[in-house]
Visitor: 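Handing you a structure now.
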Amino acid sequence: MGCAISGSGVTPRSAESRNTEDEAPARLTPDHIQLIKESWRVIQEDIAKVGIIMFVRLFETHPECKDVFFLFRDVEDLERLRTSRELRAHGLRVMSFIEKSVARLDQLERLETLARELGKSHFRYNAPPKYYGYVGTEFICAVRPVLKDRWTDELEQAWKTLFQYVTGIMKDSYLEEERSQHKHTPTPSRERPDKTNTAI
């Protein structure tokens, strides 16, 4: 179906921030940026609808994702989700983030800052990185019918690359927060070394 996220290349992010097991970070080319901006003009006309479709599809294809969302955790009826004000509001928040991302495509440092902040907030909400790629996949599946004959393989690759770029930064930021939390968690007293008995 062509819904998987799989961009590739290089970014202004430092290589040290990536885990060695990860693939190379995504590279957004000028062609990608132009295609994304042009298609966004059409997508934003149906922004609320796309947000709802994206999340209903996400919960259909990956029901385990609902565990991250307190409000939707116990909702089994997908029709009820389609009419949920809370889901609409969350979908609009995500679409707003995508809109801000598109607006920063000519200033990747600002886009990186935005994605880092989102990664940190996802750590606070306990929304782990394993779910991030699913949102891009479902976004692509939701916007394809909106764009109709404007949809091309090149446009799909451009959006995949943007989502891979953003989710890679979010993941790094989430893991940095996680490491930082572990550093600042005090060691239980029984595991602390006995400072009174340090003579050799």
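In this chain, residues are counted from 1 in sequence order.
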Visitor: Glu178 and Phe123: which non-hydrogen atoms are nearest, and at how many Å?
Guide: CA-CE1, 3.5 Å

Visitor: Check for me, please, whether Tyr125 and Val94 land in the same ILVMFWY cluster - side-chain distances under 4.5 Å, paths through other members count.
Guide: no

Visitor: Are the side chains of Tyr134 and Thr167 in contact, using a 4.5 Å heavy-atom criterion?
Guide: no

Visitor: Under a 3.5 Å distance rule, please check whether Ser180 uses its side chain to pair with a backbone N or O of Glu176 as donor and acceptor.
Guide: no

Visitor: Is any side-chain heavy atom of Asp106 less than 4.5 Å from a side-chain heavy atom of Lys37?
Guide: yes

Visitor: Say you draw a straight line from CZ of Phe59 to CE of Met54; how long is it, rounded to the nearest 0.5 Å?
Guide: 10.0 Å

Visitor: Out of curiosity, Lys130 NZ to Glu64 CD, how far, rounded to the nearest 0.5 Å?
Guide: 7.5 Å

Visitor: Could you check if a side-chain atom of Leu114 sits within less than 4.5 angstrom of a side-chain atom of Leu118, using non-hydrogen atoms only?
Guide: no

Visitor: Please check this pair: side chain of His32 against backbone of Thr29, looking for a donor-acceptor N/O pair closer than 3.5 Å.
Guide: yes

Visitor: Is the number of heavy atoms from other residues, nucleotides or ligands under 6.0 Å of Arg80 CZ greater than 12?
Guide: no

Visitor: Is the shortest heavy-atom distance from the side chain of Phe69 to the side chain of Leu87 under 4.5 Å?
Guide: no

Visitor: For the residue pair Val102 and Leu105, establish whether any side-chain heavy-atom pair is separated by less than 4.5 Å.
Guide: yes

Visitor: Do other residues, nucleotides or ligands put more than 12 heavy atoms under 6.0 Å from the NZ atom of Lys49?
Guide: no

Visitor: Say you draw a straight line from OH of Tyr174 to CG of Asn126; how long is it, rounded to the nearest 0.5 Å?
Guide: 5.0 Å

Visitor: Is the closest basic N to carboxylate O distance between Glu60 and Arg57 below 4.0 Å?
Guide: no

Visitor: Give, for atom CD1 of Ile140 and atom CG of Leu147, the distance between the pair rounded to the nearest 0.5 Å.
Guide: 11.0 Å

Visitor: Between Ser101 and Tyr165, is there a side-chain heavy-atom distance shorter than 4.5 Å?
Guide: no

Visitor: Grab the two heavy atoms, one from Arg82 and one from Ile52, that are nearest each other, plus how far apart they are.
Guide: O-CG2, 3.8 Å

Visitor: Within a strict 4.5 Å, meaning less than it, do heavy atoms of the Leu28 and Ile36 side chains meet?
Guide: yes

Visitor: Heavy atoms, side chains only, cut-off 4.5 Å: are Met95 and Ile43 in contact?
Guide: yes

Visitor: Would you compute the distance between atom OG of Ser121 and atom CE of Met170 and round it to the nearest 0.5 angstrom?
Guide: 7.0 Å

Visitor: side-chain contact (heavy atoms from CB on, under 4.5 Å), that's the test. Do Ile98 and Val135 meet it? Break it down for me.
Guide: CA-CA 11 Å; Ile98 295 170; Val135 174; 5.7 Å; no

Visitor: Is it the case that one hydrophobic cluster holds both Ile53 and Ile47, taking links as side-chain heavy atoms less than 4.5 Å apart, direct or via other members?
Guide: no

Visitor: Near Arg88 CZ, under 6.0 Å, is it more than 12 heavy atoms from other residues, nucleotides or ligands?
Guide: no

Visitor: Let me know which of Phe55, Phe163, Tyr132 forms a ring pair (Phe, Tyr, Trp, His ring centres under 6.0 Å) with Phe139.
Guide: Phe163

Visitor: Roughly how far, to the nearest 0.5 Å, is the CD atom of Glu138 from the OG1 atom of Thr61?
Guide: 4.0 Å

